[in-house]
Chemist: 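Take a look at the following structure, please.
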Amino acid sequence: MGPFDAIWLNARLATMAPGKAYGAIDDGAIAVRNGVLAWVGPRAELPATGTAAIHDAGGRWITPGLIDCHTHLVFGGDRAREFELRLEGVSYEDIARGGGGIRSTVASTREASEDELFETARRRLLALMAEGVTTVEIKSGYGLDIETEIKMLRVARRLGVSLPITVRTTFLGAHALPPEYEGRRDDYIDLVTGPMIDAVMAESLADAVDVFAENIAFTADEAARVFAAAQRHGLPVKLHADQLSDQGGAGLAARYRALSAEHLEYANEDGIAAMGRAGTVAVLLPGAYYFLRDTRPPPVASMRRHGVEMAVASDCNPGSSPAVSLLLILNMACTLFRLTPEEALAGVTRAAARALGLTDRGTLESGKRAEFVLWDVKNPAELCYWMGANPLSQIVRSGEIVQRPI
Ligand code: DI6
Ligand code: FE
């Protein structure tokens with residue numbers, strides 16, 4: 001036995017390791033052992049390969065497996081009727097205040113069986129995977145009662161077991177106030193921070209905890225209570241922050257050393273600076289900005305200035321971003337938020353891994369998981385450039401070629 005199990009040669013590597021553009025290696029080689037990247041570098045420097053299986057990448061570009069670090073992929077029903085209403089001029093906030101919005105998805109999700117939720121989510125997940133997504137985060141938050149939050153998280157876990165993808169789950173019990181708690185906000189936060197999170201933890205169903213802090217959802221003080229509960233349980237936190245108005249969310253996320261703060265269109269400069277100091281990743285969600293026809297992009301220049309790492313995600317959800325294409329989202333990150341293609345690609349690899357607290361993926365470097373994608377492109381910027389094309393050639397996971405259709 002040689003030192004490696006398999007080698008990929010004749011490849012152009014976008015390692016996404018920090019340093020030069022795309023961490024590119026022009027005539028590169030990748031060697032895999034035991035499902036881990038054992039060696040990555042210029043082909044000319046590849047050590048003796050022994051009896052390893054040799055794969056010819058045919059001059060294709062190879063990137064790390066893509067990571068969609070913010071989705072609400074599991075839900076019942078759809079909101080196409082609300083889309084029509086918004087096109088007639090009714091606002092997203094007004095629909096939410098009128099009992100539609102998140103609450104309408106909550107009703108459909110409570111009604112759906114676990115198998116129905118699994119099947120509809122599975123289709124959406126297959127669409128993401130067909131474009132090279134090998135790690136996905138899935139939030140709860142359309143149950144808002146113990147039984148349905150647990151049902152959603154079980155479905156998310158089951159997706160990760162039944163498909164060749166890593167699923168990270170996030171408990172988002174504080175997504176909206178459920179109708180039966182109208183006028184009893186404190187009681188609902190008591191439920192979320194007590195019996196609900198206890199039930200989630202009893203089955204180990206969550207890897208992190210998230211809160212929607214917004215004038216149509218929860219206040220900063222309520223979010224802080226949920227964060228305190230998460231930390232009592234040893235879970236890292238995330239925050240939907242400053243999406244529709246400045247709620248001081250960026251600063252709050254930084255105070256709790258959140259893994260990430262999401263959206264951030266209305267975040268103030270002090271909050272962004274605090275995120276930079278705390279190492280909290282900004283998760284940019286151009287699909288929601290686009291679909292809600294928002295006009296204020298997130299403060300990307302300020303994020304760059306304060307050294308805030310920027311991730312990019314689909315936010316796949318029925319209300320504000322019914323997106324099942326991370327490549328299209330990359331295009332939006334560039335056209336709508338003016339990210340460079342390199343920043344956008346780092347946003348679905350290196351930065352996305354950090355937003356999930358994962359240190360074993362996100363770049364092509366020795367020691368990381370052998371999870372990568374071969375693309376039929378001449379330049380990595382093409383991954384952000386095409387709209388509705390899929391240049392994927394091959395997915396490798398745990399050092400093995402993933403057979404398609406996946
Ligand atoms: N922000 C969002 O964009 C989604 N959730 C959130 O907290 C939207 C959820 C929905 O409208 O169903
Ligand atoms: Fe979201």
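Counting convention: from 1, in listed order, for ligands and their atoms alike.
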Chemist: Decide yes or no on side-chain contact (heavy atoms from CB on, under 4.5 Å) for D190 and R225, but give the supporting numbers first.
Modeler: CA-CA 9 Å; D190 287 346; R225 285 189 58 199; 2.6 Å; yes

Chemist: Can you tell me which portion of E214 lies within the under-4.0 Å heavy-atom range of ligand 1? Options are side chain, backbone, both, or neither.
Modeler: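 Neither part.
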
Chemist: Any idea which protein heavy atom is nearest atom 3 (O) of ligand 1, and the distance to it?
Modeler: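 Result for atom 3 (O) of ligand 1: S320 OG, 2.7 Å.
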
Chemist: Are any of the side-chain heavy atoms of T63 and W375 separated by less than 4.5 Å?
Modeler: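 When only atoms from C-beta onward are counted, W375 and T63 do touch, with a gap below 4.5 Å.
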
Chemist: When you check the side-chain N and O atoms of H240 and H175, is any donor under 3.5 Å from an acceptor?
Modeler: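 There is no such pair between these side chains.
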
Chemist: Just do the side-chain contact (heavy atoms from CB on, under 4.5 Å) check on Q247 and N215 with the steps written out, would you?
Modeler: CA-CA 8 Å; Q247 304 277 317; N215 50 29; 3.9 Å; yes

Chemist: N/O/S atom of H240 under 2.8 Å from the Fe ion (ligand 2), yes or no?
Modeler: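 An N, O or S atom of H240 is closer than 2.8 Å to the Fe ion (ligand 2), so yes.
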
Chemist: Under 4.0 angstrom from ligand 1, any heavy atom of E262?
Modeler: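 Contact absent.
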
Chemist: Determine, considering heavy atoms only, which of H240, H263, H70 sits nearest to atom 6 (C) of ligand 1.
Modeler: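 Checking each option, the heavy atom nearest atom 6 (C) of ligand 1 is found in H240.
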
Chemist: Between S393 and R60, is there a side-chain donor-acceptor contact under 3.5 Å, judged purely by atom types and distance?
Modeler: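 The answer is yes; a qualifying pair exists.
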
Chemist: Which residue and non-hydrogen atom of the protein lie closest to atom 9 (C) of ligand 1, and at what distance in Å?
Modeler: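 Scanning the protein heavy atoms, the shortest distance from atom 9 (C) of ligand 1 goes to Y142 OH, 3.3 Å.
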
Chemist: Check each atom of ligand 1 against the heavy atoms of I102 and keep those under 4.0 Å away; list them by number with element.
Modeler: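 Under 4.0 Å from I102, ligand 1 has these atoms: 9 (C), 10 (C), 11 (O), 12 (O).
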
Chemist: Under 3.5 Å between some N or O of ligand 1 and some N or O of Q243?
Modeler: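 The answer is yes, given that Q243 and ligand 1 share an N or O pair closer than 3.5 Å.
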
Chemist: Does either side chain, that of D315 or that of H72, offer a donor lying less than 3.5 Å from an acceptor on the other one?
Modeler: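 A pair is found: one side chain offers a donor N or O, the other an acceptor, under 3.5 Å apart.
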
Chemist: Closer than 4.0 angstrom: is that true for some heavy atom of D315 and an atom of ligand 1?
Modeler: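 Yes; D315 lies near enough to ligand 1 that a heavy-atom distance drops under 4.0 Å.
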
Chemist: Locate the shortest heavy-atom distance separating R338 from E343; write the atom from each residue and the value.
Modeler: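 Closest pair (atom of R338, atom of E343, distance): O-OE1, 4.4 Å.
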
Chemist: Please find the N/O/S atom of D315 nearest to the Fe ion (ligand 2) and write down its name.
Modeler: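 Checking each N, O and S atom of D315, the shortest distance to the Fe ion (ligand 2) belongs to OD1.
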
Chemist: Which residue and non-hydrogen atom of the protein lie closest to atom 5 (N) of ligand 1, and at what distance in Å?
Modeler: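 It is H175 NE2, 2.8 Å.
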
Chemist: Any donor-acceptor pair under 3.5 Å linking the side-chain atoms of T166 with those of R361?
Modeler: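 Yes, T166 and R361 have a side-chain donor paired with an acceptor closer than 3.5 Å.
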
Chemist: Looking only at heavy atoms, is any part of Y92 under 4.0 Å from ligand 1, and if so is it the side chain, the backbone, or both, or is it neither?
Modeler: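 Just the side chain.
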
